[in-house]
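Here is the structure we will look at.
Quick note: numbers below take in every heavy atom, side chains included, and nothing from hydrogens, waters or symmetry partners. Since this is a predicted model, take the numbers as computed values, not measurements.
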Amino acid sequence: MKLIFNAYIDGFSLYKGSLESRPNFKWLNLLKFCTDRRPDMELGQIYYFTAPVKSRFPGDTGMNRQDAYIRVLRDQGVKVIPGQFRKDVDWLRVATTTRSSVLSPTLPNHLGLTQMALNQISKRAIPDFPRAKVWKFGEKGSDVNLASHLLFDVLKENLKAALVITADSDFVTPIRMATQVGTDVKVVVPKVHDSAKADGLRKVATHLEELHVGWLADSQLPRSYITSKGGNITRPHTWA
C-alpha cells in the first residue's frame with residue numbers, strides 16, 4: 001500500500017514565483033501537479049492557501065478570474081483556506097529618482113525639466129530618500145494557516161508524508177518540526193531571487209526541488225471545465 005501524503009500550497013508564493021509572468025499556466029490542475037511530484041505515494045488532501053483579491057483599479061477583473069479558478073479547485077475537492085487580502089495606502093521610499101525608471105508609464109522629459117525637479121526633490125530629502133504615496137497590496141494570515149494545518153495533520157492526524165509548495169523561509173520552523181517527528185516533507189520551491197531562502201528550506205526538508213516550468217505546462221486544466229454537477233467553468237481569456 002502506498003504512503004498517503006497531503007499537499008500544502010502557498011498560493012501567493014506559487015503565483016509570484018511561477019505564475020505571475022506566465023498567465024498561460026495559471027489554469028493549473030493542482031491534482032495532477034501534486035500527484036506528479038510524489039509519484040511513489042498516494043495523494044490525500046490538497047490545501048490551497050490564498051486570499052480573496054480586491055479591486056486594484058477601476059475595471060479590474062482579477063476578482064472574477066480568481067473566483068472562477070477557486071470554484072474549479074473546490075469542485076475537485078481541494079480545500080481552499082482563505083486569508084486576508086490587504087489594500088493599504090502608504091508612504092514608501094523610492095528606489096530611484098531617475099526619470100525613466102521612477103514611474104510606469106514613464107514621466108515625460110519636458111526638455112530635461114522633469115529630471116531637474118526630481119534631482120531637487122532628492123537633495124531636499126537628504127539624508128533620507130524621497131517617498132511616494134502608493135497602494136500596497138499583500139496577504140495576511142495565509143502563512144499562519146499553512147503552518148497550522150501542516151502541524152495539526154502531522155501531530156494530531158499522524159501524517160507521515162507531505163508536499164509543501166512555497167519559497168517562503170517563514171516555513172522553516174514548522175517544516176523542521178514536522179521532519180523531527182518523522183514526517184517525510186518534500187518542498188517544491190517556485191522561482192526565488194534570494195537563494196538563501198531556498199537554502200533554509202533545503203536544510204529542514206526531507207527533499208527539495210525547484211519548480212520547473214515544464215511541470216506547469218503538463219498540468220493544465222481543460223479550457224472548459226465541467227463540474228461534478230454538469231456546470232461549465234471557462235478559462236479566463238487573459239490566461240490563454
Worksheet entry | Listed once per pair and sorted, the side-chain hydrogen bond (donor to acceptor under 3.5 Å, both in side chains) pairs that draw on residues 118-131, sequence neighbours left out | Arg93-Asp128, Gln115-Asn119, Asp128-Arg131
Worksheet item: Going by side-chain heavy atoms closer than 4.5 Å, which hydrophobic residues are tied to Met1, directly or by a chain of links?
Response: none
Worksheet item: Is Leu118 reachable from Phe129 through a run of hydrophobic residues whose side-chain heavy atoms are each under 4.5 Å from the next?
Response: no
Worksheet item: Are side-chain heavy atoms of Gln76 and Leu221 found at a separation under 4.5 Å?
Response: yes
Discussion item. Clusters formed by hydrophobic residues whose side-chain heavy atoms approach within less than 4.5 Å: which one holds Ile126, and what are its other members?
Written reply: none
Item to complete: Flag yes if Met116 and Val94 sit in one hydrophobic cluster, no otherwise; membership is Ile, Leu, Val, Met, Phe, Trp, Tyr, and two members link when side-chain heavy atoms are under 4.5 Å apart.
Response: no
Worksheet item: When you look at Ser100 and Thr98, which way does the side chain to side chain donor-acceptor pair (under 3.5 Å) test go after all the steps?
Response: CA-CA 6 Å; Ser100 59; Thr98 302; 5.8 Å; no
Worksheet item: Is there a path of hydrophobic side-chain contacts, each under 4.5 Å between heavy atoms of I, L, V, M, F, W or Y residues, that connects Phe33 with Tyr48?
Response: yes
Discussion item. For Met41, I'd like to know if atom CE has over 12 heavy atoms of other residues, nucleotides or ligands within 6.0 Å.
Written reply: yes
Worksheet item: Measuring from Cys34:SG to Asn29:CG, what's the distance to the nearest 0.5 Å?
Response: 9.0 Å
Practice prompt. For the residue pair Val189 and Leu208, establish whether any side-chain heavy-atom pair is separated by less than 4.5 Å.
Written response: yes
Worksheet entry | Electrostatic pair Lys186:Glu209 at N-O distance under 4.0 angstrom | yes
Discussion item. Hydrophobic clustering (ILVMFWY, side-chain heavy atoms < 4.5 Å, transitive) - are Ile81 and Leu155 grouped together?
Written reply: yes
Discussion item. Could you check whether any side-chain N or O of Thr206 sits under 3.5 Å from a backbone N or O of Val185, counting only pairs where one atom can act as donor and the other as acceptor?
Written reply: yes
Worksheet item: Taking atom OG of Ser13 and atom NZ of Lys191, what is their separation to the nearest 0.5 Å?
Response: 13.0 Å
Worksheet item: Heavy atoms, side chains only, cut-off 4.5 Å: are Val89 and Val134 in contact?
Response: no
Worksheet entry | Single-linkage hydrophobic cluster, 4.5 Å side-chain cutoff, Val164 and Phe12 together | no
Worksheet item: Heavy-atom distance under 4.5 Å between the side chains of Leu163 and Asn6, does that happen here?
Response: no
Worksheet item: Hydrophobic clusters join Ile, Leu, Val, Met, Phe, Trp and Tyr when side-chain heavy atoms are under 4.5 Å apart, directly or via other members; which others share one with Leu111?
Response: none
Response to the item:
Across all chains, not counting sequence neighbours, the salt bridge (Lys or Arg N to Asp or Glu O under 4.0 Å) partners of Lys160 are none
Discussion item. Would Arg223 pass as a cation-pi partner of Trp27, given that its NZ or CZ must be under 6.0 Å from the six-membered ring centre and within 45 degrees of the axis?
Written reply: no
Worksheet entry | Close side-chain approach of Gln66 and Pro52, heavy atoms under 4.5 Å | yes
Fill in: Selection residues 169-184 - residue pairs positive for side-chain hydrogen bond (donor to acceptor under 3.5 Å, both in side chains), sequence neighbours left out
Arg38-Asp184, Asp184-His207
Worksheet item: For Asp153 and Tyr8, does a side-chain donor sit closer than 3.5 Å to a side-chain acceptor?
Response: yes
Discussion item. Is the shortest side-chain heavy-atom distance between Arg65 and Trp239 below 4.5 Å?
Written reply: yes
Discussion item. Minimum heavy-atom separation for Pro190 and Leu211, please, with both atom names.
Written reply: CA-CB, 4.0 Å
Worksheet item: Do Asn64 and Pro236 touch side chain to side chain, with heavy atoms closer than 4.5 Å?
Response: no
Worksheet item: Is the Phe49 ring parallel, tilted or perpendicular to the Tyr47 ring (thresholds 30°, 60°)?
Response: parallel
Worksheet item: Between Arg71 and Asp75, is there a side-chain N and carboxylate O pair less than 4.0 Å apart?
Response: no
Worksheet item: Taking the side chain from Thr114 and the backbone from Asn109, do they hold a donor-acceptor pair closer than 3.5 Å?
Response: yes
Fill in: Heavy-atom side-chain contact between Asp143 and Phe171 under 4.5 Å
yes
Discussion item. Please give me the minimum heavy-atom distance between Ile121 and Pro130, naming the atom from each residue.
Written reply: CG2-CB, 3.9 Å
